[in-house]
Amino acid sequence: MGLNKDRAVIIGQGYVGLPVAMLAVLGGYDVVGFEVDDHKVAELNSGRSHVEDITDEQLAEALATGRYRATNEPADLAGFDVAVISVPTPMGEGVPDLSFIEAAAASVAPHLSVGATVILESTTYPGTTEELVAPILEAGSGLSAGADFHLGYSPERIDPGNTTWGLANTPKVVSGVDARSLAAVQGFFDRIIERTVPVSGTREAELTKLLENTFRHVNIALVNELAMFSKDLGIDVWEAIDAASTKPFGYMRFTPGPGVGGHCLPIDPSYLSWQVERTLGHSFRFVELANDVNQHMPDYVVRRVQAMLNDHSKAVRGSTVLVYGIAYKANTSDARETPSRPIIEQLIELGATVQLVDSHVPVGQFPPAATPAQGTPADLAGADVVLYLVDHDDVDRDAITSAGVPVLDCRRALKGPEVEYL
Ligand SMILES: NC(=O)c1ccc[n+]([C@@H]2O[C@H](COP(=O)([O-])OP(=O)(O)OC[C@H]3O[C@@H](n4cnc5c(N)ncnc54)[C@H](O)[C@@H]3O)[C@@H](O)[C@H]2O)c1
């Protein structure tokens, strides 16, 4: 028996879709990566990965099998057995923007055949698969979800930059609109992922993802608020967190930071609170509180920089702040919704010169008013204060701590007499 040549199309070749496509190739599928961004299509087909979790070598291996190619041509979706939708789900003006999912479903629909499977993977509020995606697929295909084709939802848990827990070894929650759909969705992921976790309905699977991210968002807000109080109370919150983390049960470690960023935490909980408000007419208070605390962290960081300069009899205006990190977290090039951006913008508005070091994020994505820097000894010597926002592995930490410049470390990654923690 040769490889099973089932045909999978993965709609959206971003942080989520490309890794799924690569695993599907390893699982023996014939894979089409459907992507509307022409530049990404060209890059992928010439072996250049724009997603850090996928190396150029992995992409080259997939291309060499002859069972992977990227395309922006809708006709290439024809004849699929499984379609996975992994397109963005941003917020627009405080309201979930599902236009990408709608467009993706509309492009899949004409190519749906009896017995094929469609899986939504984008993060979204409960009900999206059955209330939004199913009708679009049915209208465009003339087929019926469940009776003619399989439809399900499987949330993505990928954590860019995490080298321990990747797509293949992180359990994957799967669901379907009926038992046969669930079996089809589970069958697809069982071929590429170590362990699948079935739940009884698509809404439960959709809620699972929002629960996970809301849990994280709320707990980060909790330690962020504690960090601000502790500073005023003269207590080392980081030491308390380390000590609490020794408890082997009933506690989970979260650490303070300059705010939350990326495509998940600043957005996903608001999908849930929007839906609760819309359907039940009351607010989801935990999410609102967490949003409030986390969204104000950049202001707090700016105030701390101001206070540090003040301690050295300096004003923000005219000072040079050497900032480390515009990515939303360590070891990723993803700068979407990064809290570094409002921090840098506020510092510049107050009159500071901001120099910015980030080897992961292309300079084109830096705030225009920030000057790109490398963190050289000259950069450090010219700084009035160092603001350490993101702890990428490749930063020369010793160079920072030995420069004799005051440092505000928002990650507790540095040690030295000049270093102050958030
Ligand atoms: N990035 C993460 O860490 C992460 C983790 C878990 C879940 N998610 C969720 O997964 C979904 C995708 O996120 P992402 O980070 O991969 O986004 P991304 O922007 O990196 O990738 C999405 C890709 O889809 C493409 N696209 C948009 N509309 C399309 C269409 N109609 N047809 C084909 N391609 C289209 C975009 O050009 C883009 O390349 C979102 O719902 C997100 O919340 C992301």
Side-chain angles (χ1 to χ4, degrees), residues 9-22 31-44 48-54 70-77 80 83-92 96-111 118-125 128-129 132-133 136-137 140 153-162 165-167 170-173 205-206 208-214 216-217 260-272 327-338 361 365:
V9 300
I10 316 295
I11 316 293
Q13 292 291 276
Y15 287 95
V16 168
L18 184 60
V20 173
M22 295 297 101
V31 179
V32 168
F34 182 67
E35 169 57 61
V36 289
D37 181 333
D38 297 348
H39 179 68
K40 282 184 189 166
V41 170
E43 290 285 291
L44 288 168
R48 279 186 298 275
S49 165
H50 58 282
V51 172
E52 285 177 330
D53 287 347
I54 300 298
T71 178
N72 53 7
E73 185 48 65
D76 292 337
L77 298 176
F80 69 82
V84 178
I85 298 177
S86 47
V87 295
T89 43
M91 285 299 272
D97 174 3
L98 298 178
S99 60
F100 298 94
I101 292 185
E102 288 167 356
S107 54
V108 165
H111 304 287
V118 179
I119 307 170
L120 179 63
E121 259 210 318
S122 300
T123 305
T124 182
Y125 59 77
T128 307
T129 307
L132 182 83
V133 175
I136 296 174
L137 294 175
Y153 180 79
S154 177
E156 184 49 65
R157 286 172 160 166
I158 212 162
D159 180 21
N162 189 331
W165 294 105
L167 187 55
T170 304
K172 190 123 172 59
V173 173
E206 289 160 335
T208 301
K209 174 70 187 175
L210 296 183
L211 168 62
E212 291 167 7
N213 279 357
T214 303
R216 216 176 136 63
H217 188 51
V260 294
H263 199 314
C264 294
L265 294 194
I267 295 167
D268 300 352
S270 300
Y271 262 64
L272 196 48
Y328 85 89
K329 67 169 187 174
N331 304 321
T332 177
S333 60
D334 192 348
R336 292 178 291 185
E337 315 283 332
T338 173
V361 178
Q365 290 181 35

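Counting convention: from 1, in listed order, for ligands and their atoms alike.
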query: ligand 1 and P88, any nitrogen or oxygen pair closer than 3.5 angstrom?
result: no
query: What distance separates T129 OG1 from E121 CD, expressed to the nearest 0.5 Å?
result: 11.0 Å
task: Go through ligand 1 atom by atom and flag the ones less than 4.0 Å from a non-hydrogen atom of G12.
output: 23 (C), 24 (O), 25 (C), 33 (C), 34 (N)
query: CD1/I85 to OH/Y153 distance, rounded to the nearest 0.5 angstrom?
result: 11.5 Å
task: Could you list the residues that satisfy ring pair (Phe, Tyr, Trp, His ring centres under 6.0 Å) with Y125, not counting sequence neighbours?
output: W274
field: Proximal atoms of ligand 1 relative to F34 (non-hydrogen, under 4.0 Å)
entry: 32 (N), 33 (C), 34 (N)
message: Within ligand 1, which atoms have a heavy atom of I11 less than 4.0 Å away?
response: 32 (N), 33 (C)
message: Below 3.5 Å, N or O to N or O, backbone or side chain included: is there any such pair between T123 and ligand 1?
response: yes
query: Any idea which of E35, Q13, E156 brings a heavy atom closest to atom 25 (C) of ligand 1?
result: E35
A104: numbered ligand 1 atoms lying under 4.0 Å from its heavy atoms: 31 (N)
field: Spatial distance of atom CG (L167) from atom CG (D159) [nearest 0.5 Å]
entry: 11.5 Å
- prompt: Where the closest heavy atom to atom 20 (O) of ligand 1 is concerned, which of Y15, Y328, Y271, F100 has it?
  reply: Y15
query: Which residue supplies the protein heavy atom nearest to atom 17 (O) of ligand 1, what is that atom called, and how far is it?
result: R336 NH1, 3.4 Å
task: Can you pull out the closest protein heavy atom to atom 41 (O) of ligand 1? Residue, atom name and distance to 0.1 Å, please.
output: T89 OG1, 2.6 Å
- line: Note: E212, heavy atoms under 4.0 Å from ligand 1, region reported as neither
- request: First locate atom OG1 of T214, then atom NZ of K209, and finally report the distance between them rounded to the nearest 0.5 Å.
  value: 10.0 Å
message: Please list, in number order, the atoms of ligand 1 under 4.0 Å from a heavy atom of P160.
response: 3 (O)
message: Tell me the protein heavy atom at minimum distance from atom 21 (O) of ligand 1, and give that distance in Å.
response: G14 CA, 3.2 Å
- line: Checking heavy atoms under 4.0 Å, the part of C264 that sits near ligand 1 is side chain
message: Within this structure, what is the OG1-CG distance for the pair T332 and D53, rounded to the nearest 0.5 Å?
response: 7.5 Å
- line: Exactly one of I136, I11, V133 clears side-chain contact (heavy atoms from CB on, under 4.5 Å) with I101, and that residue is V133
query: With only distance considered, is K209 within less than 3.5 Å of ligand 1 through an N or O on each side?
result: no
query: Looking only at atom types and distance, does a side-chain atom of H111 sit under 3.5 Å from a main-chain N or O of P74, one as donor and one as acceptor?
result: yes
- request: Examine K40 against ligand 1 and note whether any of their N/O atoms are separated by less than 3.5 Å.
  value: yes
query: To the nearest 0.5 Å, what is the distance between OG1 (T170) and CD (E156)?
result: 8.5 Å
query: Among all protein non-hydrogen atoms, which one is nearest to atom 2 (C) of ligand 1, and what is the separation to 0.1 Å?
result: I158 CG2, 4.0 Å
- prompt: Around R216, counting heavy atoms of other residues, nucleotides and ligands shown, do more than 12 lie under 6.0 Å from its CZ?
  reply: no
task: From the options D159, I101, V16, select the one whose nearest heavy atom is closest to atom 13 (O) of ligand 1.
output: V16
statement: heavy-atom search around atom 11 (C) of ligand 1 in the protein gives V87 O, 3.4 Å
message: So if I count the atoms of ligand 1 from 1 in the order they appear, which ones are less than 4.0 Å from some heavy atom of V36?
response: 26 (N), 27 (C), 28 (N), 29 (C), 30 (C), 32 (N), 33 (C), 34 (N), 35 (C), 37 (O)
task: Mind checking side-chain contact (heavy atoms from CB on, under 4.5 Å) for N331 and listing every partner two or more places apart, or none if nothing turns up?
output: H360, H392, D393
message: Could you check whether S154 and K172, counting side-chain N and O atoms only, form a donor-acceptor pair closer than 3.5 Å?
response: yes
